[in-house]
Every structure is written in structure tokens, then in C-alpha cells.
Asks: 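First the structure, which I've put down as C-alpha cells, then a few questions once you've had a look.
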There are 2 protein chains.
Amino acid sequence: MTTDTPAVQTVEWLTAEQQVHWRSFRGGAARLFAALEHELEQQTGLSTHEYEVLVRLSEAPDRTLRMAQLADNLAHSRSRLTHTIRRMEEQGLVARLPCVEDARGVNCTMTEKGWQVLVAAAPSHVQSVRDHLVDVLTPEQFAALGDAMETVRQHLTGGACHVE
Amino acid sequence: MTTDTPAVQTVEWLTAEQQVHWRSFRGGAARLFAALEHELEQQTGLSTHEYEVLVRLSEAPDRTLRMAQLADNLAHSRSRLTHTIRRMEEQGLVARLPCVEDARGVNCTMTEKGWQVLVAAAPSHVQSVRDHLVDVLTPEQFAALGDAMETVRQHLTGGACHVE
DNA sequence: CCGTGGTTGTTGAACTGTCAACCAAACTGT
DNA sequence: ACAGTTTGGTTGACAGTTCAACAACCACGG
């Protein structure tokens, strides 16, 4: 944006080429995530959010994480996570335990059933990711995609973190 | 789950490197879209879905599209679009008219108010896209991102590509 | 020790999206 | 002409998300 132009348009618009790329990105990402969500749901009964919860827990020490850490990992709001975990607890996939060091805290851990469900779900999900993303691109394209989005992610989480 | 999980399955897992890229992509895209959604909502009161509806209509002949075309453009379900359009109609942003050629059809058109709202919203949204995506990457990175996701999109839509 | 302010997590209401059922109009084949 | 099928769009119930308010707890300075 220019400093002192009182012109009608102080905004720097996207070039035609940039707009094409932006729309490809938005449209492609939306369709990709929708397809993955749909296939995971059909094949395993899990939503991608539930799946991600199980993945994070499976990688944590004692397969346990504080609610806040889990929320940060997933970039979900606290309340959203509370609701998700309550539903998963009802299904027996996870359990909540009070946190010893901090009485405010809640430790979320995955149950044996949760582990089984994850192990059963992972193969088909990985296959979906390969089918619709990894194997569709050249290794160089896929690596470039990952690198670019890592830059975007770090910029969003490092720099001026918006309110909320 | 980690890639060196005992592979009982015959599934081809992601390599460690692929997994890093996949997670960067998923995490970066999720945070990016969340940030854009949040900023657009704060600055203009529109959701990104409503914004996209207005964009598509603004580009169509007579600023009018059939419901099904709009739904396909946005990759939204019919019922979702019906709900969205009903809400936007209540806000006076769009209007629905019966379709002459096909009595089943409904033409959705944007009102003058809808146009004004879009014109007012576009600059800040474009700026958000620049701030969090376009200007964070090199032009080459951004172009590669767009190209890769265009490939993904075409693969998912069966190669049938209507220009967005 | 008390109070103030920040953090952690939950709750319930309002909103948005999903899914299946549905109606009406258009095509299809006989 | 007409039953059967397909397409276009809507509806209502349900599931998931957001938002603001809240309760409980920590941490730090009088």
C-alpha cells in the first residue's frame, strides 16, 4: 500500500496471474480437504479432526496431552476441543484425567480402543492422501508445496498473532 | 503416528520427509484459511463463503447464475448453497428469480447492495491474502503452489475444469 | 496474607453445514 | 401419451463450530 495516495484505490491488487494461482490454491485445497474428510468418514467413521486428535495423542509421552497443548497443536479453539473431546470420550476413544501439577489443567489421554481405532484408520487415510495429493504431484512439486506452506504457517504462528 | 510404526499393513506409508511436508501443508492451510476468515469477518461482516458467492456472481453475465452452477463453482453442496443464499437474501445481498428456460431452475443474482458490499470488502480481503500468503512467499514459490494445487484440483474434479 | 490479573477449561445459546427425504419439472423410451 | 428416471432445488432434523460468559486456579505485588 502506498503511503500518501488519496486515490480511490490504495490497495495493491493481485495480478491476473496471482489471482489464477490464488484461486487454484483455494479451490484445490477446499476440494482436497473435503475429499479426505469424506473418505475418512466413510471408511472409518472418524472425522479428520478426531483422527488428528488421536494422531497427536499417539505421539505424545504416555499418549497424553494437556487440553491447551492439544488445542494449540491442532489450531483449534479451546471450546471446540472441549466439545470434540467430550464426544470422543463418550465413544470411549479418549479419557480425561485431572492434572497433578496444575489443578486447573486436564490431561487428555487415548484409550486402548482409541489406539486400535487409529491403527485401523491410518492405512486408508494415508492412501487417500497419496491418491489425491502426494502421488498426483512430482516429488519436487510436493516438496515445494510443503516448504511454502511451512513458511506460511510460521509466519502466521510466529508473527503478530491475532486476538482471541 | 510415526512412519516407523510396525507395518503390519501392506499400505505404502509416507516417508518421514513426505510426512513433514504433508503436515506443513495441512497445518499451514488450516491456519491460513482461519486467519483470512477471521479478518474478513471482523472487517466486513462477511464470511468467506458469502464473499465467494458475491465474487462469482459479480463475474457472471448479468451478475446472475443458476444455483447449480454456483454450487459447482464453489464446490458446495446444493443444500448448503440454498441455506447460504437464503441467509444472504434476508440480508438483501442477493435475490432469487425463477428461471425462464427451465422451470425447475432458480436464477441467483446479486443486488446493488450486494455489489456495494463486495466492492467495500474486496480491498481488505485482498490485503489479507497478500499479507499472509502472496507476500510471504517468493513469486516462484507462490506460482509453484498455484500450479501444484491446480493439478490437485483437476485430478479431483475429474479433469473437468470450468474456469473459476 | 489478600487482591488483582492472567490462564485453563467448561458451558449453553446461536449459528452453520450435513444428510436424507422430498417435490416439481424435464428427459427417455415405448 | 405416459410411466420411469434424472436433474434442480428446497426443507427439516441433526451434528459440529463459534462466541461470550463463567468458574476454578495460579502467580505476583502490595
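No experiment lies behind these values; they were computed from the predicted model shown. Quick note on labels: first sequence line is chain A, next is B, and so on, each numbered from 1.
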Asks: Check this for me: does any side-chain nitrogen of one of B/Glu89 and B/Lys113 sit under 4.0 Å from a carboxylate oxygen of the other?
Replies: no

Asks: For the ring pair A/Phe33 and B/Phe33, is the centre-to-centre distance below 6.0 Å?
Replies: no

Asks: What are the residues of residues 42-50 of chain A, sorted by number, that bring a heavy atom to within less than 4.0 Å of DNA chain C?
Replies: none

Asks: To the nearest 0.5 Å, what is the distance between OG (B/Ser58) and CZ (B/Arg63)?
Replies: 7.5 Å

Asks: What I want to find out is whether A/Arg87 reaches A/Glu90 closely enough, with some N-O distance under 4.0 Å, to be called a salt bridge.
Replies: no

Asks: Tabulate atom names and distances for all N/O pairs under 3.5 angstrom spanning the protein and nucleotides 21-26 of chain D.
Replies:
{"unit_1": "D/dC26", "atom_1": "OP1", "unit_2": "A/Ala103", "atom_2": "N", "d": "3.2"}

Asks: Using the rule given for side chain to side chain donor-acceptor pair (under 3.5 Å), can you reason through B/His132 versus B/Arg31, listing the C-alpha separation, both sets of side-chain angles and the distance that settles it, and then say yes or no?
Replies: CA-CA 10 Å; B/His132 300 310; B/Arg31 282 163 224 262; over 6 Å; no

Asks: Is the shortest side-chain heavy-atom distance between A/Met67 and A/Thr82 below 4.5 Å?
Replies: yes

Asks: Going 5' to 3' along DNA chain C, between which two nucleotides do contacts with chain A fall, using a heavy-atom cut-off of 4.0 Å?
Replies: C/dG6 to C/dG12

Asks: So, the side chain of A/Glu50 versus the backbone of A/Ser47: is there a donor-acceptor pair under 3.5 Å, distance only?
Replies: yes

Asks: Just checking, is any N or O donor in the side chain of B/Gln69 or B/Asn73 under 3.5 Å from an acceptor N or O on the other one?
Replies: no

Asks: If you round to the nearest 0.5 Å, how far is CG of A/Leu36 from CG of A/Leu133?
Replies: 8.0 Å

Asks: Quick one: does B/Val94's side chain get under 4.5 Å of B/Thr111's, heavy atoms only?
Replies: no

Asks: Which residues within residues 77-87 of chain B lie with some heavy atom under 4.0 Å of an atom in DNA chain D?
Replies: B/Arg78, B/Ser79, B/Thr82, B/His83

Asks: Take the protein atom CE of B/Met88 and the nucleotide atom C1' of D/dT10, then report the distance between them rounded to whole Å.
Replies: 18 Å

Asks: Do any pairs count as a ring pair (Phe, Tyr, Trp, His ring centres under 6.0 Å) and have a residue in residues 83-126 of chain B, sequence neighbours left out, and if so which ones?
Replies: B/Tyr51-B/His125

Asks: Does B/Asp102 have any salt bridge (Lys or Arg N to Asp or Glu O under 4.0 Å) partners at least two apart in sequence or in another chain, and if so, which?
Replies: B/Arg66, B/Arg104

Asks: Between A/Glu41 (CD) and D/dC14 (C1'), how many Å, whole number?
Replies: 13 Å

Asks: Taking atom P of D/dT10 as reference, at what distance in whole Å does atom NE2 of B/His76 sit?
Replies: 16 Å

Asks: Kindly say whether B/Thr151 contributes a backbone atom to a donor-acceptor pair with the side chain of B/Gln154 at under 3.5 angstrom?
Replies: no

